[in-house]
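Below, chain A is the first sequence line, B the second, and so on; all start at residue 1.
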Protein chains: 2
Amino acid sequence: MRKNEQSIQRCVTVSTVQKILGGKWKIEILYYIGMQNIHRFGELRRHVGEITESSLTKQLRELESDGFLHRHDFKELPPRVEYTLTDLGKSFMPVLEVIRQWGEANLK
Amino acid sequence: MRKNEQSIQRCVTVSTVQKILGGKWKIEILYYIGMQNIHRFGELRRHVGEITESSLTKQLRELESDGFLHRHDFKELPPRVEYTLTDLGKSFMPVLEVIRQWGEANLK
DNA sequence: CCGTATCCCCTAAGATACTG
DNA sequence: CAGTATCTTAGGGGATACGG
């Protein structure tokens, strides 16, 4: 049964999620920070795929300005910076877990 | 509490999902086909953002070869082609719904 | 109506060098 | 350690024209 044209719901939401989290490493970064408790820049660089420093910086800054991450600079020497989830970031964790579980079950 | 390096779980799954569904229009296409019952090429072109014909074709072909869609050519004139979800595609719908609901609640 | 076939362009991401 | 500053590059996506 086909819906008529009037009843079709636009999906700004879905495309917005794509726009915000479509970056090559975004959800992987959120996964490591939120689900694996990895918070420091260097740790992330070692764990997130083959990402380069400049790309990691860029994606972190974008996630920060989109409200998913908080950046805490401890102002120590040697430098120490930790990235943690904001409330928005935390709210996304259940979604990420659903994605992960689906992948585990269907992408082998 | 920090996990030690040994206990950190790689997340091939999450990055694989990104790789497969990271295309600019992929999840939106799946949304229209699976949740709004839009199956024909022309309908999709009218509803999916500002996508061009060539891009739509490409993304549909990729979703097909990744096992999310089935392409049914009715061999009629004028041509009639319908895209439907495979079992894998159907299995992804609950995930998509979770994404959509999260977006509705958090991206206003 | 449902596509192909070309050509083109932009920008996300990478490579590399350097710094407080 | 955690970046910044440049420069370069690949390829995803767009524009357009054409075809069965």
Looking at residues at least two apart in the chain, or sitting in another chain, which of them share a side-chain hydrogen bond (donor to acceptor under 3.5 Å, both in side chains) with [X]?
X	value
B:Glu97	B:Arg100, B:Gln101
B:Thr13	A:Glu104
A:Glu50	none

Between atom CG of A:Leu44 and atom CD1 of A:Ile29, what is the distance when rounded to the nearest 0.5 Å?
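CD1 of A:Ile29 is found 7.0 Å from CG of A:Leu44.
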Using 0.5 Å steps for rounding, measure from the CD atom of A:Gln36 to the CD atom of A:Glu28.
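Rounded to the nearest 0.5 Å, the CD-CD separation comes out at 11.0 Å.
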Go through DNA chain C in 5' to 3' direction and return only the first and the last nucleotide with some atom under 4.0 Å of chain A's heavy atoms.
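Range of nucleotides within reach of chain A: C:dA12 to C:dG20.
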Mind checking [X] for me? I need base, sugar-phosphate or nothing, with any heavy atom below 4.0 Å counting as a touch.
X	result
B:Gln59	sugar-phosphate
B:Pro78	sugar-phosphate
A:Phe74	nothing

Mind checking ring-ring contact (aromatic ring centres under 6.0 Å, His included) for B:Phe92 and listing every partner two or more places apart, or none if nothing turns up?
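ring-ring contact (aromatic ring centres under 6.0 Å, His included) list for B:Phe92, sorted by chain: A:Trp102.
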With heavy atoms of chain B within less than 4.0 Å as the criterion, where does contact along DNA chain D begin and end?
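Result: D:dG12 to D:dG20.
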DNA chain C: 5'-proximal contact among A:Thr52 and B:Gly42 (nearest heavy atom):
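First, find each residue's nearest nucleotide; the 5'-ward one identifies B:Gly42.
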Of A:Lys24 and A:Leu77, whose nearest nucleotide on DNA chain C comes first from the 5' end?
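Residue closer to the 5' terminus by nearest nucleotide: A:Lys24.
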Can you name the nearest heavy-atom pair linking B:Val48 to B:Trp25, along with the distance?
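Residues B:Val48 and B:Trp25, closest heavy atoms: CG1-CE3, 3.6 Å.
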Could you tell me whether a side-chain N or O of A:His39 sits under 3.5 Å from a main-chain N or O of A:Tyr83, the two making a donor and an acceptor?
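Here the side-chain-to-backbone pair exists.
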